[in-house]
Amino acid sequence: MNIVKTRFAPSPTGYLHIGGARTALFAWLYARSNQGECVLRIEDTDKERSKEEYTKEIIKSFKWLGINFDDEVIYQSNNFDRYNEVINTLLKNGSAYVCNCSKERLSELRTAQESRGQNPKYDGKCRELNLERSDETVVRFKFPQEGTTKFTDIVKGNIEVKNNELDDFIIERADGAATYNLCVVVDDIDSNITHVIRGDDHVNNTFKQVNIFSALNKEVPVYGHVPMILGEDGKRLSKRHGALGVGEYAEMGILPDALKNYLLRLGWSKGDMEIFNQQEMEEVFKEGDFNQSPATFSMDKLLWFNKHYLDQLSAEQLIEGIELPEFDKSEYSKVVIETIRERCSSLNDFSLNSFYFFNDPAKYDDQLIGKHCNENTSDHMTLLESSMTSLEDWDQVSVKRVIDETVASLSVGFGKIGLPLRLALTGTVNSPSIDLVCSILGKEVTLRRLNSFLNRIKN
RNA sequence: GGCCCGUUCGUCUAGUGGUUAGGACAUCUGGUUUUCAUCCAGGCAACAGGAGUUCGAUUCUCCUACGGGCUACCA
C-alpha cells in the first residue's frame, strides 16, 4: 500500500504570500496527519518570470514557519528531458498531435468566436493532419470531444464538466518547452503523489490533468481544492492585490505558530476548537473538515492568536525574538519585558512600548500637556519631586506611598498627580502602573525626567 | 459571454429534517485597574431570496441574486 504523499508546488515568481502558505500548510498537514510525506516542488518552467531569489525567499519562509518538507526540493527546470520523453509517448500513442497554427490565426479565431458570443477554443484544425515537428510547431493534447470528465474532490465533492467545453490545449511550446499542465502531471507521477492539495484556482486545470493521467495509463491522484483567501476588502488576496508575504508578517512581529494556527482555521475546522499548536495540528488535521467557501482574512484575529502564543513564551524567549539592541540578557530587560508584555500582541509592540525604559522622552507632546496639566500642576509636581528626592528606599511600595501622601496632602484626585507624572516619565499617558515604572526606572532617572518636565511646563 | 465552485452573526466557523441555531474574533455594557492594557462577567448579532418535496425545512431539489475561480505557446 502506498503511503500518502502530497506536494506544494509554487512558481518562483514572487514571495510566498499567505494564501500560498495556507495551501502549503494544508498539504503538509494532510500528509503529516496521515503519516505521509510532503515534498516541495519549484515550478520554474517559465524562464521569463522565475527568479532564483524568489525560490530562496520561499524556502526561507517555510523554514521560518516550521514547515519542513520531505526529500530534496524538486526543480521542474531539471526535468525538461523527462517532459519531452512523455510528450513523445503521448504523440506515439495518439493522445497528442503536432499543430502548426500561427499565433495570428489563433488570435483571429479567438476574436471571431468571442464576437459570436462563443467560448474561445481551438478548433482542432491540425488534429488529424499528422504534421512533422519543427521549431514553428507546438504539440497539443487530444482532449476527448465527447462525454464528461469528472473527479471526486475531498473538499468540494464530485465535480464534472462536459468534455466539449474544453479544447486541445498546448503541452509543448514552439520553443520545445513543456507547459504547466503536462509538467505537473509528469512530476506528480514521478514523485508518486497520491493527494494533490492545492488552491481552487486549479479546478479547471484538473480536468486537463485528469485526462493526461488517463492517456498515460496512470492512476489519477486524489484531489482537494481549497478555497481562496480574500482580503479584508472582500477581494481575492493575491500578490497583485496587496497580499502580504510571509516575511512581512515576520517583520511585523507575528510568531510562526500564530500565523500557522490562524491560517489553519481559515477554511478548516474541527468543531469549536480554535487553538492548535504545531503538534496538535499534525495529529488532528485529518479529523477536521474543510470549508468550501472563500474565507476573508482578519488581522484582528491573527493578532489575537499572536497574543495567545506570545503569552506562552518566557521573557528569555521573547528577548530572543525581539530585534532591538536594548533588549539583552540583563535582568533589567527581563523586568521590562514582564512589565509590558500584557499590552503587547506582537513582537514589535515590545519595541513600541518599551522606549521610555531605555531613553528619556525625546520631547513632550503639547496636546497631552494641555490636556492633563493645569496652572497648579507645576506646584504639585514640585512638591512630589521634593518628597521623592528625600525618599531613601526606592521601591514600588515606597514610591506608591510618597505619591499617595502627596495626593492626600494636596486634596486632589490621583489623576492630577498620576497623569502628569506618567507623562513626565514616559512621554505618554498610557503605561503600566506608574509606581512600578518609577521603581524600575530608578530614583535618578525618575527625578531627572521629572525635572526636565517641570522646566518644560513652567514655560 | 461560457464553464466550474460557493453562500449560517461584521469576520472565522459549529451544527441539525423538529435546537432557545453553538463557539471564537471584533463590537457594546458592567466589574477589577490611579491611565492604557490584561483579566472576569454579561449583551447585541446569522441560516441570501423565491418556489418545490415534507406533517415540518437553515438542513433535500430547482430557479434567481450575489461572491470567487478559470477561460494564454503564465503557472
Side-chain angles (χ1 to χ4, degrees), chain A residues 9-13 43-46 48-50 76 99 101-103 106-107 110 113-121 137-140 153 155-157 159-162 164-167 169-181 183-184 199-207 225 227-230 232 234-236 262 265-275 289 291-305 307 311 340-345 349 353 372 400 403-404 407 413-419 421-423 426 428-435:
Chain A
S11 59
T13 55
E43 308 216 321
D44 55 354
T45 54
D46 182 346
E48 305 279 298
R49 300 198 300 144
S50 299
Q76 288 194 321
C99 167
C101 293
S102 66
K103 287 189 183 178
L106 261 21
S107 101
R110 191 168 318 144
Q113 287 164 330
E114 279 170 357
S115 70
R116 269 179 270 137
Q118 289 174 334
N119 197 19
K121 50 187 253 196
T137 60
V138 300
V139 176
R140 289 182 182 271
D153 192 280
V155 354
K156 291 176 184 289
I159 303 181
E160 68 171 276
V161 75
K162 291 192 197 66
N164 61 20
E165 291 293 337
L166 294 163
D167 66 356
F169 57 94
I170 292 171
I171 55 176
E172 184 188 275
R173 303 186 191 99
D175 67 1
T179 61
Y180 171 74
N181 285 111
C183 301
V184 166
D200 75 359
D201 48 337
H202 286 294
V203 259
N204 292 274
N205 287 324
T206 308
F207 299 126
H225 288 97
M228 305 272 89
I229 299 177
L230 309 180
E232 302 201 62
K235 297 278 175 230
R236 178 193 178 181
Y262 174 69
R265 291 285 294 102
L266 219 47
W268 179 91
S269 62
K270 184 173 188 292
D272 280 344
M273 293 172 71
E274 294 283 350
I275 303 291
D289 293 303
N291 210 73
Q292 320 196 39
S293 47
T296 304
F297 181 84
S298 161
M299 193 65 200
D300 279 339
K301 191 144 188 183
L302 207 209
L303 284 172
W304 178 79
F305 276 109
K307 174 104 178 86
D311 287 346
I340 62 173
R341 64 182 304 160
E342 70 188 16
R343 65 199 67 225
C344 296
S345 49
D349 283 349
N353 290 320
H372 300 286
K400 180 169 175 19
I403 298 174
D404 285 343
V407 167
F414 191 97
K416 289 280 183 286
I417 302 294
L419 281 169
L421 178 59
R422 172 168 287 119
L423 187 53
T426 69
T428 74
V429 287
N430 302 329
S431 79
S433 175
I434 195 61
D435 43 13

Checking contacts here: which listed nucleotide ([options]) is nearest the side-chain heavy atoms of [X]?
X	options	answer
A/P120	B/rU34, B/rA72, B/rA75	B/rA72
A/R49	B/rA72, B/rA24, B/rA75	B/rA75
A/N430	B/rA75, B/rU35, B/rC73	B/rU35
A/W304	B/rA75, B/rA24, B/rC73	B/rA24
A/I159	B/rC70, B/rC5, B/rA75	B/rC5
A/F414	B/rC4, B/rU34, B/rA75	B/rU34
A/R422	B/rC73, B/rA75, B/rU35	B/rU35
A/D300	B/rA26, B/rC4, B/rU34	B/rA26

Using atom names, set out every protein N or O paired with an N or O of nucleotides 7-14 of chain B below 3.5 Å, distance rounded to 0.1 Å.
unit_1 : atom_1 : unit_2 : atom_2 : d
B/rC12 : OP1    : A/T296 : N      : 2.9
B/rC12 : OP1    : A/T296 : OG1    : 3.3
B/rC12 : O2'    : A/R265 : O      : 2.8
B/rU13 : OP1    : A/G267 : N      : 2.4
B/rU13 : O3'    : A/S269 : OG     : 3.0
B/rA14 : OP1    : A/S269 : OG     : 2.7
B/rA14 : OP2    : A/N291 : OD1    : 3.1

Could you measure between the two [atom1] atoms, the one in [N] and the one in [M], and give it in whole Å?
N	M	atom1	result
B/rU8	B/rG67	P	14 Å
B/rG49	B/rA65	P	16 Å
B/rC9	B/rU59	P	14 Å
B/rG2	B/rU16	C1'	37 Å
B/rC39	B/rU13	P	24 Å
B/rU71	B/rC55	C1'	48 Å

Does [X] contact [N] through a side-chain donor or acceptor facing the base, at a distance under 3.5 Å?
X	N	result
A/D200	B/rG68	no
A/T428	B/rU35	no
A/D44	B/rA75	no

> Taking only residues two or more places apart in sequence or in another chain, which ones pass side chain to side chain contact (heavy atoms under 4.5 Å, CB included) with A/N164?
Replying inline: A/K121, A/K162

Tell me: [atom1] of [X] to [atom2] of [N], nearest whole Å?
X	N	atom1	atom2	value
A/K162	B/rU71	NZ	C1'	16 Å
A/N119	B/rG1	CG	P	13 Å
A/R140	B/rA72	CZ	C1'	11 Å
A/Y180	B/rC70	OH	C1'	12 Å
A/N204	B/rG68	CG	C1'	12 Å
A/L303	B/rU38	CG	P	12 Å
A/K156	B/rC70	NZ	C1'	12 Å
A/E342	B/rC40	CD	P	13 Å

> Once the angle between the rings of A/Y180 and A/H202 is folded into 0 to 90°, is it parallel (under 30°), tilted (30 to 60°) or perpendicular (over 60°)?
Replying inline: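 The arrangement is parallel - the two ring planes meet at less than 30°.
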
>> Does atom NZ (A/K416) have a neighbourhood of more than 12 heavy atoms from anything else shown, all under 6.0 Å?
In response: no

If I compare all heavy atoms of [X] with all of [Y], which pair ends up nearest, and what's the gap?
X	Y	value
A/S50	A/D44	OG-CA, 3.4 Å
A/V155	A/H225	CG2-O, 3.0 Å
A/A9	A/E43	CB-OE2, 3.3 Å
A/I340	A/N353	CG2-O, 3.8 Å

Which is true for [X] with a 4.0 Å heavy-atom rule: it touches a base, it touches only sugar-phosphate, or it touches nothing?
X	value
A/H202	base
A/I417	nothing
A/V161	sugar-phosphate
A/E160	sugar-phosphate
A/S345	nothing
A/K121	nothing
A/C101	base
A/P227	nothing

What is the base-pairing partner of [N], counting Watson-Crick and G-U wobble geometry with both distances under 3.5 Å?
N	result
B/rG6	B/rC66
B/rA21	none
B/rU61	B/rA51
B/rC73	none
B/rC39	B/rG31

> Side chains of A/D435 and A/S433: do they bring a donor and an acceptor to under 3.5 Å?
Replying inline: yes

>> Between A/N181 and A/T179, is there a side-chain donor-acceptor contact under 3.5 Å, judged purely by atom types and distance?
In response: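 There is no such pair between these side chains.
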
> Could you go step by step and tell me if A/N119 and A/Q113 meet the side chain to side chain contact (heavy atoms under 4.5 Å, CB included) rule?
Replying inline: CA-CA 7 Å; A/N119 197 19; A/Q113 287 164 330; over 6 Å; no

> Starting at the 5' end of RNA chain B, which residue's closest nucleotide do you reach first, A/F305 or A/E165?
Replying inline: A/E165

> 5'-most contact on RNA chain B: A/V203 or A/C344, nearest heavy atom basis?
Replying inline: A/V203

>> According to side-chain hydrogen bond (donor to acceptor under 3.5 Å, both in side chains), who are the partners of A/T137, at least two apart in sequence or on a separate chain?
In response: none

